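Right, one structure below, let's go through it.
These numbers were taken from a predicted model, which means no experiment stands behind them.
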Amino acid sequence: MFRETVSVPSRGFLWGRLPRARLPRLRLPRGRLPRAGMITAGLAVVAVIGVLAAVPGKPQLAASPADWLNGGLEAYADTAGKWNSGENAAVVALPGGRSLWLMGDSYDGPVDADGTVNPFRVHHVRNMLLLTSGSGHSFRIDDTIAGRAAHGAPGAVVQPASGSPRGSVASPAGGIVAGNAVEAIYDVFAPVPHGPPDVPTGTEIVTMPLASLTRPSTYTVAAGPSAGCRGNHADCVEWGVSMLRSADCPPSTGLASCTYVYGEEWPSASDPAHRLVEAVAGPGSLGAPGRWWYDTASGWTRAGGGTRATSRLASPLGGGTAINGFSVYQVSDGSYVALSGGLGGIMAYYANSPSLDGASPARLFTGPGSRGLPSGFAYQFHIEPAYSSGPNVVMGFSVNSADHDQACLDYAPYYDVAAYQPEFYSFTLPPSAGAVVTGRLPALRPR
């Protein structure tokens with residue numbers, strides 16, 4: 001179903017930041033894990049913390065694996081010899097039943113018969129695209145889209161802007177169809193010397209013509225809003241973690257239609273508890289952040305645009321509400337749900353407008369336990385509007401392992417390529433926050 005909205009995840013460790021994948025040095029064979037072994041030690045802790053007793057007379061919220069998506073990814077990875085695993089999976093619904101998947105850190109190359117990959121035959125690529133069509137039994141991946149690196153190897157589709165700090169990478173946040181193109185937001189991350197993983201230092205707006213999606217050379221890149229980082233990398237904003245087109249715009253902006261752009265503000269580079277902030281762009285203004293309207297402590301304003309101190313930004317969920325991974329989904333006219341993952345479980349915030357003011361929180365799920373993936377964790381939980389309709393939604397998330405051997409190889413994907421492939425579940429949203437009876441995500445079935 002085609003909707004002009006897109007939910008996107010944020011990058012993350014456990015529920016927030018994710019350590020960068022290490023480049024391969026050698027291959028140490030190991031048996032493949034069953035498909036059930038793809039979930040998280042971190043979520044096991046969440047499950048222990050957050051288990052709730054069943055409420056008499058009320059069934060708990062239930063979810064089931066979206067086999068058509070999980071199986072479609074696995075089949076493509078095993079046979080195509082192209083993209084085989086990666087994080088993020090920000091999905092943009094395209095006209096004609098197609099979708100464009102904005103992938104972050106990915107691996108490109110063949111998968112061996114035992115489900116592992118050989119580091120001498122695959123390439124680590126900072127961002128890639130997947131072009132898909134259909135849903136349900138008709139779902140398929142039609143193509144991998146990559147840029148070109150040295151010696152003709154696949155490279156990142158989107159490069160960091162000129163002048164970015166050395167070692168920076170461009171990571172997709174999300175995208176939306178605007179006219180005859182996809183407009184996607186990529187955040188530029190730079191390394192912190194002797195510190196935690198990368199921090200956002202800037203934003204790029206990438207225009208991808210629908211007629212030439214498979215040709216990255218036709219894409220154009222414009223500067224987006226500043227990340228706003230100040231001393232000690234505090235108050236950085238990762239813009240574009242979710243985007244939603246709406247005719248319900250903040251009245252003070254005078255806009256009849258707009259695109260909401262949600263962001264995660266970081267209190268510091270090492271603090272995983274982020275704060276929700278938001279802005280709106282009028283028609284044709286997404287690539288011009290100076291014309292965005294920002295939700296600030298003094299109301300919606302253009303004053304200073306994305307170059308002013310981000311400490312003035314307001315938070316519609318309240319300054320004390322921490323988020324890690326975020327997406328906004330329009331359930332129906334006048335009904336919205338924002339999804340976030342955190343140490344309290346997978347949270348939903350029910351609201352009557354896309355500005356999310358006065359949203360009511362509810363915990364949808366505690367997490368499933370880890371079943372076989374060493375030091376596994378899950379992150380970037382989000383609803384996929386491209387495959388959802390009304391309250392019947394598909395939720396996706398990324399998985400990975402922090403386990404390393406003596407050669408400093410990440411466990412995923414060298415020992416099991418499926419341990420770095422996105423996962424998807426289907427469930428029905430409760431009609432309101434008060435109707436939620438917290439459930440627990442089931443473990444994935446064996447592959």
Side-chain angles (χ1 to χ4, degrees), residues 11 18-27 73 76-90 92 100-112 116-132 141-173 175 182 184-191 197-209 212-224 398 400 407-410 412-414 417 420-422:
R11 306 158 53 79
L18 169 68
R20 286 289 184 185
R22 287 173 169 79
L23 292 176
R25 285 165 46 184
L26 60 88
R27 179 170 183 258
L73 283 180
Y76 181 82
D78 288 347
T79 61
K82 297 182 180 180
W83 177 95
N84 62 55
S85 59
E87 67 162 358
N88 209 327
V92 183
L100 185 68
W101 293 39
L102 314 179
M103 303 298 303
D105 278 304
S106 296
Y107 288 87
D108 183 279
V111 176
D112 292 344
T116 63
V117 299
N118 185 326
F120 300 105
R121 298 171 59 210
V122 299
H123 300 275
H124 177 213
V125 184
R126 288 304 192 180
N127 59 72
M128 303 183 77
L129 303 172
L130 296 179
L131 187 60
T132 73
I141 299 176
D142 297 317
D143 206 354
T144 292
I145 303 171
R148 283 285 165 244
H151 309 296
V157 172
V158 178
Q159 299 291 335
S162 176
S164 296
R166 184 173 182 178
S168 295
V169 298
S171 181
V182 171
I185 293 182
Y186 280 68
D187 290 306
V188 177
F189 288 81
D198 308 349
V199 296
T201 59
T203 308
E204 299 177 341
I205 311 298
V206 183
T207 300
M208 307 173 177
S212 56
L213 282 175
T214 60
R215 301 198 305 276
S217 61
T218 65
Y219 300 173
T220 59
V221 179
S398 298
N400 204 334
C408 288
L409 285 176
D410 284 337
Y414 304 112
V417 70
Y420 195 42
Q421 292 170 352

To the nearest 0.5 angstrom, please state how far the [atom1] atom of [X] sits from the [atom2] atom of [Y].
X: Thr201; Y: Phe189; atom1: OG1; atom2: CZ; result: 8.5 Å
X: Met103; Y: Asp108; atom1: CE; atom2: CG; result: 12.0 Å
X: Leu100; Y: Thr214; atom1: CG; atom2: OG1; result: 10.5 Å
X: Thr220; Y: Ile205; atom1: OG1; atom2: CD1; result: 10.5 Å
X: Ser171; Y: Glu204; atom1: OG; atom2: CD; result: 11.0 Å
X: Asp198; Y: Asp187; atom1: CG; atom2: CG; result: 12.0 Å

[X] to [Y] - nearest heavy-atom pair and separation:
X: Pro422; Y: Gly86; value: CD-O, 3.5 Å
X: Ser85; Y: Tyr420; value: CB-O, 3.5 Å
X: Val122; Y: Pro110; value: CG1-O, 3.9 Å
X: Ala89; Y: Trp101; value: CB-CE3, 4.1 Å
X: Pro154; Y: Val125; value: O-CG2, 3.7 Å

Donor-acceptor pair, side chain of Asp143 and main chain of Leu131, under 3.5 angstrom: no
Side-chain (Gln421) to main-chain (Asn84) donor-acceptor, under 3.5 angstrom: yes
Option from Val157, Val92, Asn88 for which side-chain contact (heavy atoms from CB on, under 4.5 Å) with Leu102 holds: Val92
Minimum side-chain heavy-atom gap Asp112-Arg121 below 4.5 Å: yes
Under 3.5 Å, side-chain donor or acceptor atoms of residues 144-153 against the rest of the protein: list the pairs with distances, not counting sequence neighbours.
from: Thr144; atom 1: OG1; to: Tyr76; atom 2: OH; distance (Å): 2.7
from: Thr144; atom 1: OG1; to: Trp83; atom 2: N; distance (Å): 3.3

Aromatic centroids of His123 and Tyr107 separated by under 6.0 Å: no
With sequence neighbours excluded, residues passing salt bridge (Lys or Arg N to Asp or Glu O under 4.0 Å) with Arg215: none
N/O donor-acceptor pairs under 3.5 Å from side chains in residues 160-168, not counting sequence neighbours:
from: Ser164; atom 1: OG; to: Ala161; atom 2: N; distance (Å): 3.4
from: Ser164; atom 1: OG; to: Ala161; atom 2: O; distance (Å): 2.7
from: Ser168; atom 1: OG; to: Pro165; atom 2: O; distance (Å): 2.6

Working for side-chain contact (heavy atoms from CB on, under 4.5 Å), residues Met208 and Leu129: CA-CA 11 Å; Met208 307 173 177; Leu129 303 172; 4.3 Å; yes
